[in-house]
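Encoded as C-alpha cells, the structure appears first; notes follow it.
All heavy atoms count here, side chains included; hydrogens, waters and symmetry mates do not. Naming: A, B, ... by sequence-line order, numbering from 1 per chain.
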There are 2 protein chains.
Amino acid sequence: MANFQLLKDLVQPAKTKIVMLIMDGVGGLPRASDDLTELEAAGTPNMDRLAVEGCLGQQHPVDIGITGGSGPGHLGLFGYDPLVYEIGRGVLEAVGIGFAVTDMDVCARGNFCTLDGDGLITDRRAGRIPTEKCAELVKKINAAGINHPEPGVEMFVEPVQDYRFVVVMRGEGLSGNLSETDPQRTGAAPLPVVAQDRASERAARLYNDWIAKATAVIRGEKPANGMTLRGFAKYPDLPKYKDVYGLRAAAIAVYPMYRGLASLVGMDRIEHHAHTVEEEFEVAGRVWNDYDFFFIHVKYTDSRGEDGNFDAKMKVIEEVDAAIPKLMELKPDVLIITGDHSTPSQLKAHSWHPVPLLLWAPATVRRDRSVVFGEREASTGGLGTFRATDIMTLALAHAGRLAKFGA
Amino acid sequence: MANFQLLKDLVQPAKTKIVMLIMDGVGGLPRASDDLTELEAAGTPNMDRLAVEGCLGQQHPVDIGITGGSGPGHLGLFGYDPLVYEIGRGVLEAVGIGFAVTDMDVCARGNFCTLDGDGLITDRRAGRIPTEKCAELVKKINAAGINHPEPGVEMFVEPVQDYRFVVVMRGEGLSGNLSETDPQRTGAAPLPVVAQDRASERAARLYNDWIAKATAVIRGEKPANGMTLRGFAKYPDLPKYKDVYGLRAAAIAVYPMYRGLASLVGMDRIEHHAHTVEEEFEVAGRVWNDYDFFFIHVKYTDSRGEDGNFDAKMKVIEEVDAAIPKLMELKPDVLIITGDHSTPSQLKAHSWHPVPLLLWAPATVRRDRSVVFGEREASTGGLGTFRATDIMTLALAHAGRLAKFGA
C-alpha cells in the first residue's frame, strides 16, 4: 500500500492539479461476437488520444483474484490497503445515503421486521415494505422525542430502501464494538446489543434503551412493528489526504455514497446538482482553484454492467469520452482514468479482473506503445500490472509533488 | 502469498472443477538456431488453442531471481510462500521416495560412510556404493530388532540412492530441532545428535542410541561401516487445502515425491499405474466426481531439461499437448498449465526464469491477445507477471469459489 510514512517525508508543495476520474466497474470481459470488451468496443477517440500521449497499465483494486465491493475498491484507489483499513457496514450504509458521518458516530444498519404477540420475529424483512412506508416509520420514530437518550448523545435515523434504515448514535467517547440484534431466523426475538469490550458498554446500554423505546413507538404498525440492528461500526480513523499526500482534495460524485467514501479520507464533498459527466466536469471547473486533487466519480458504467447490458455500458463510456474535452479545458497536470473494480456485463456483477488504467501527464509521463484505451492494450502498457494502492504515489510523482529519497 | 485468512472468509461452495497441470521445469531458454525455447519450438496446437481461448501470464515460483527446488517450487504453486513455509530436508527426502510421512515423524537423510579403526571417517560417501548395496544394508539394519527403541516409538529406514537412505522416527510428542552428525570432513568421527531446544532432547537421545546400535549392526561391512544423519526435520504443519481453499484435492503424479509434496498440503495421493500423461488424465477421469481440484504432474520436461536435451524436452511437451484433448473431455471449469520452475536444457539445471502460465476458464476468463503458449507470448499476457502464490486465488476466483470482499 501507499507508504504513508515515506510519502509524508517526501511530499513537497506544488501548484499542480491531479484529476482521478473513476468509471465505476469499467473493466469488462470480451463479448463473443467480436471478442471486444465494453471499453474496447466503445468509440473513445478522446481517451485513445490520451493513451497515445500518456501510458497505460492495469491495477488490482484489492488484490489479485479478489473481487472488491465499492468500499474496498475506492479505499484501494485512494491509497489505503483495503485489507488493512476497513469501513464497517454501518458506516458504509450511512455514507451510502449521504449522511455526513463524524468521528463521534457509531452507525448501524437497521431492518424493520414483523413481531408476533410474544415479540418473536415472524418476518425478518416486514414483508419488504416499500421505501415510502420505511420513511414514514422513521419519521414517526424521529418525532417521538427519544433521540436524545442522555446529555451529549444524539440519535439520527434515516430511511435507506424498502425495509432498510440507518441509525447513527453521536456522542463523545462512544465505542462501537457491539453484537448484532438480528437472530438471523424467524421464531426468535431480536437479541440484545452486547458490548464486545469494556469501552463499548455505554453504547450498548444506550442502544438497547433506544431500541426498546423506538420499538414501542411502532408497536401498533403493520407489518413493520419491530426492528433489528446489524453492522455496528465506528467512524474509521483513516489518515487524511491533507496529512499523507499534502493535497487539498475535492470529491465530485452524483451518488452520495462516493462523496461519503471520499470524505472518510479527508476529501471535501462538493455539493452540486450535476447529473451528467459533463456537468460533473463543470463542477470541477467551479472549484478548480480551491483544490489540488479532484476525485470525479462516474456511476453508470457499473450500473449498466450489473444490468448485464453490454451496449448500455459501452454507451456510458462513450458519453464519458465525449465529455473529456471539457475536462481537458481545465488543463490538469496529471489525469488518471480507471475504475474501482471490473463489472463485466457478462457476469452482471463485480469481478476480480484487473482494471485498465490510463495515466496522462504531459510534463513527466513516459509514453508507451499504447494507442487505444482498453483492457488488452492496458495489460501490455508501460506501467505494468500493480496494486491500486500505488496509484496515488504515481500521481504525486507525476505531479512533481515528491522529493528525491536519499542522496 | 495466498492470504489464507482472507480466503477462509471468502471461500464459497461451488460445483466447479479446477485442474492444475504442472509440466515440471517447463520454462526454457531460446536455442541459437532459431531463437525459440523448448516450449516455443514444440508443436502444441492444443495448448495454442487454449491460449487463444484463455489468457497467459508468467509467474515466479519462489521470487524474482530465485531458483527454487521442487519442494519450494510446488509450495509456491500450491499457494504457500516457500520463504515462509519450509519443508525440512529430511521430510523432503522421505516424501521423495514415497514414504507416507505423518505428523508424528522426525525424518533425517542418512549417508553411509567409511570409518577407520578409530571410528574416524575416511570416506563420507562410502565409495559411492550402488543402490543395491545400500538396500542390502538397510535390510540388515531393519532386521536387527533395533527399530522399537522404546514403547510408542518406531524407526523406519528406507534406501534412497547410492549411499543415501532415509530414517524416520515416529512417536507422539517428538520434536526435531536436532544438530547434524556429519562433521563435513574426513579424519573426524561422526558427531552426536544434539538437541537445539528442550523439546527435542528426547528425540536426540533416541536418535543417538539408535545410531550406535545401527552402526554396530554394519560394523563388519565394507566399505560402508558407518553412517551420518543430516537434515532432521519434523513433518511441517502446513494449512490444508480443504481448510484454506475449501477444496477436495487429488494429486496425480508418476513420481512419488510429487504425490508426497501434495499430501503435505492435504491433497489425496491417487494411487495408480499410469506412466504417460494420457494415462494420468485417465486416472483423473476415474476420480473426477470425488474431487474439486486436480494437481497433475508431468516429470519428464524437467528430466530432459536437466539432461541438456533440447529436442527431448520439446518432445515431452508435444506428448503433453497431444494428450490435452483427453483432459478436455473431462470438461474442467478452470485449467491452469504451468511449471514449478524453469529448467532450460541449455543450463542443464533448474533456473530462476519466470515460468509461462496458461489460464483457461471459458465462463470467466478475460481473453488476451495470446495465440500460442510460449515464454515470450506469456511475458506480454493479460495476467502480467506475478508470484506463484497468487495462482490459487486466481483459480478460485475463476471457478466462482470466492465471494465479494466488502460491500
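- Taking a 6.0 Å sphere around CG of A/D237, one finds it holds 12 or fewer heavy atoms contributed by other residues, nucleotides or ligands.
- Residue A/H353 touches chain B through both its backbone and its side chain, counting heavy-atom pairs closer than 4.5 Å.
- Here the CD1-CG distance, from A/I64 to B/L394, works out to 4.5 Å after rounding to the nearest 0.5 Å.
- In the displayed structure, B/K240 atom NZ is contacted under 6.0 Å by more than 12 heavy atoms of other residues, nucleotides or ligands.
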*Report the C-alpha distance between A/S351 and B/R366 in whole Å, list the side-chain angles of each, state the deciding distance to 0.1 Å, and finish with yes or no for side-chain hydrogen bond (donor to acceptor under 3.5 Å, both in side chains).*
CA-CA 11 Å; A/S351 82; B/R366 179 185 281 167; 5.7 Å; no
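- Nearest heavy-atom pair, B/G406 versus A/P72, reported as atom, atom and distance to 0.1 Å: CA-CG, 3.9 Å.
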Which side-chain N or O atoms in residues 379-386 of chain A pair as donor and acceptor under 3.5 Å with protein atoms at least two apart or in another chain?
{"from": "A/S379", "atom 1": "OG", "to": "A/R376", "atom 2": "O", "distance (Å)": "2.8"}
{"from": "A/T380", "atom 1": "OG1", "to": "A/E377", "atom 2": "O", "distance (Å)": "3.3"}
{"from": "A/T385", "atom 1": "OG1", "to": "A/Q58", "atom 2": "NE2", "distance (Å)": "3.0"}

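- In terms of heavy-atom pairs under 4.5 angstrom with chain A, the leader among B/L7, B/L402, B/L6, B/T364 is B/T364.
- Only the side chain of A/L347 has a heavy atom closer than 4.5 Å to any heavy atom of chain B.
- Heavy-atom proximity under 4.5 angstrom to chain A picks out nothing from residues 36-53 of chain B.
- Side-chain contact between A/L83 and B/N3 is present, with at least one heavy-atom pair separated by less than 4.5 Å.
- Contact tally against chain B (heavy-atom pairs below 4.5 Å) for A/L92, A/V62, A/D35: the top residue is A/D35.
- There is no contact between A/E86 and chain B, counting heavy-atom distances below 4.5 Å.
- Contact of B/A395 with chain A is not made at all, since no heavy-atom distance falls under 4.5 Å.
- The NE2 atom of A/H60 sits 10.5 Å away from atom OG1 of B/T393, with the distance rounded to the nearest 0.5 Å.
- Closest approach of A/G65 to B/A397, counting heavy atoms only: O-CB, 3.3 Å.
- For A/P82, the parts sitting under 4.5 Å from any heavy atom of chain B are the backbone and the side chain alike.
- Annotation: the span from A/T67 atom OG1 to B/L10 atom CG amounts to 8.5 Å, rounded to 0.5 Å.
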